[in-house]
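Got a structure for you, written out below as structure tokens; questions coming shortly.
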Amino acid sequence: MKFATDAVRVSVPATSANLGPGFDAAGLALGVRDELSFRLLPTAGAQIEIHGEGEDTLPRDESHLVVRTFRRALDELGLPQAGVELVAHNRIPQERGMGSSAEAIVAGVSAAVAFAGYGDEARDFIFDLAAHIEGHPDNVAPAVYGGMTVSWDFEPKTEVPITDAPSSKESNVVPVSGDAALFPGSTEPFKGGYHTVNYPVGDLINAWVFVPDYKLSTEEARKALPLEVPRTDALFNVSRVALLPAAMSGASGRDTNALLFSATGDTLHQHYRSSLMPQSWELMTFLRAHGYASTISGAGPCVLVLHEGDDSAALTNLLFENWLSAGHWRMLHPAIDRQGVLFGPEEA
Ligand SMILES: Nc1ncnc2c1ncn2[C@@H]1O[C@H](COP(=O)(O)OP(=O)(O)OP(=O)(O)O)[C@@H](O)[C@H]1O
Ligand SMILES: N[C@@H](CCO)C(=O)O
């Protein structure tokens, strides 16, 4: 395969994973974007210019996450390993729970796809490869498709009776019974691996992200989680995560803010991580004590609030004296992003 163009642009939104109960499954795209441009160079290697978030910390060599995933995607697409110039304008806070690593991975894969000359039809390929590189799909899915997503890892070997389990990698696909009848001609196979669906988000749903002045790596935050959880905690999260789509739609016919409050409850992961981010835990519990649907964003330490209606003034009043005035927290009010990654050839 050959490069279809010599320069491409990519724009990827921030994301908030888990939304409380949906650990490693639910995610929401937020209107804070990193913008990247890539240009092929006649010589090997990577030349990297970084503006904004990470300009003092990110590497400027082949170990840069965007470049690493770009190279992996070039291999997958059968494109040669060319030299590349990368200019990144980063707005997404890093190691804060706003999906910066998923953003970087989606950016690298999308750039390779754009160089290959593909457009929207390659979105599923981007999701599949990026989720495999990230290792969990909850940030990658909204970064790719926008809006609210729920993702899952389909394992034919465990989800079909053992006697029917496919034995080779090639047959690691399960046709879903009934599809052909419902949609004549449809094959809709469920292959092993990550899948995702979008759920509607009501126009009046607002999101706020409180960004602290300290960081926490996802790797550290994942180490704090137990391998097993009590059944009562698992049952609690099953009901809460099942409520999320109805609450986020804003169209359930019930009080949306009351539903959002219940739907963002979690007993599976947040409290195990609280000692790694005591200030964030305190802010989240304070907000919940005042009736706000509040969660730790992703692996933390940002705090997310979801609410029907614009409560910016009330939130500022509530938090100014004890939280915002000391300068340790920034309050963001991003739109819900409904587009996901944007990518294509650099316009001349
Ligand atoms: N824009 C970027 N460009 C290159 N590398 C990045 C970028 N953003 C993040 N990274 C890499 O990803 C790491 C942060 O990943 P981590 O998963 O810890 O945080 P996060 O993705 O912001 O949080 P979460 O997954 O909880 O939302 C950084 O230390 C850096 O190595
Ligand atoms: N679901 C992930 C999101 C962070 O990448 C976690 O909470 O660890």
Side-chain angles (χ1 to χ4, degrees), residues 10-30 32-38 46 48-71 86-111 130-131 133-143 149-153 194 196 209 211-212 214-226 237 241 266 268-274 276-277 280 284 295-304 341:
V10 178
S11 164
V12 193
T15 51
S16 182
N18 303 331
L19 307 182
F23 181 74
D24 276 2
L28 183 66
L30 301 168
V32 178
R33 284 178 170 265
D34 284 358
E35 315 272 351
L36 304 94
S37 53
F38 299 72
I48 302 174
E49 194 178 309
I50 302 167
H51 304 274
E53 298 287 340
E55 64 185 6
D56 299 327
T57 50
L58 291 176
R60 281 166 173 76
D61 56 25
E62 293 282 336
S63 68
H64 188 284
L65 186 54
V66 174
V67 176
R68 273 194 284 141
T69 51
F70 173 66
R71 299 229 173 274
L86 164 65
V87 180
H89 292 268
N90 296 337
R91 299 190 191 90
I92 304 172
Q94 293 163 12
E95 293 184 72
R96 299 296 215 296
M98 290 184 72
S100 70
S101 57
E103 174 280 320
I105 293 167
V106 168
V109 175
S110 303
I133 295 172
E134 173 83 333
H136 44 93
D138 47 349
N139 289 104
V140 168
T149 52
V150 174
S151 309
W152 70 102
D153 187 359
Y194 296 119
T196 195
V209 182
V211 187
Y214 69 98
K215 297 183 174 188
L216 174 62
S217 81
T218 301
E219 200 182 340
E220 280 308 304
R222 288 181 89 82
K223 283 185 199 155
L225 299 178
N237 273 48
V241 78
D266 162 69
L268 283 190
H269 60 102
Q270 294 179 155
H271 69 103
Y272 292 113
R273 293 168 160 175
S274 59
L276 298 174
M277 45 180 151
S280 305
M284 187 201 83
T295 72
I296 299 297
S297 181
C302 279
V303 172
L304 173 75
V341 62

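The first residue of the sequence shown is numbered 1, and numbering continues consecutively from there. Counting starts at 1 for both ligands and their atoms, in listed order.
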- Please verify whether a non-hydrogen atom of G99 lies at under 4.0 Å from ligand 1. yes
- Query: Atoms of ligand 1 less than 4.0 Å from R96 heavy atoms?
  - Reply: 22 (O)
- In the protein, which heavy atom is nearest to atom 26 (O) of ligand 1, and how far is it? A299 N, 3.0 Å
- Message: For atom 25 (O) of ligand 1, what is the closest protein heavy atom, and at what distance to 0.1 Å?
- Response: T218 OG1, 3.2 Å
- Task: Measure the distance from atom 15 (O) of ligand 1 to every protein heavy atom, then report the residue, atom name and distance (to 0.1 Å) of the closest one.
- Result: S101 CB, 3.4 Å
- Message: I want to know if ligand 1 touches L216 in the polar sense, i.e. an N/O pair below 3.5 angstrom.
- Response: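 N/O-N/O distance under 3.5 Å: no.
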- Query: Given H136, R91, H64, which one has a non-hydrogen atom that is nearest to atom 4 (C) of ligand 1?
  - Reply: H64
- Protein contact to atom 11 (C) of ligand 1 [nearest heavy atom, distance to 0.1 Å]: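 Going by distance alone, atom 11 (C) of ligand 1 is nearest to L65 CD2, 3.8 Å.
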- Would you list the pairs meeting salt bridge (charged side-chain N to carboxylate O under 4.0 Å, His left out) in which at least one residue belongs to residues 57-71, sequence neighbours left out?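 The answer is E62-R71.
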- Task: For ligand 2, would you mind listing the residues that have at least one heavy atom less than 4.0 Å away, ordered by chain and number?
- Result: A17, N18, F23, D24, H136, D138, N139, T218, R222, R273, G298, A299
- G97: heavy atom below 4.0 Å from ligand 1, yes or no? yes
- Item | Taking atom 14 (C) of ligand 1 as the reference point, the nearest protein heavy atom with its distance | E95 CG, 3.5 Å
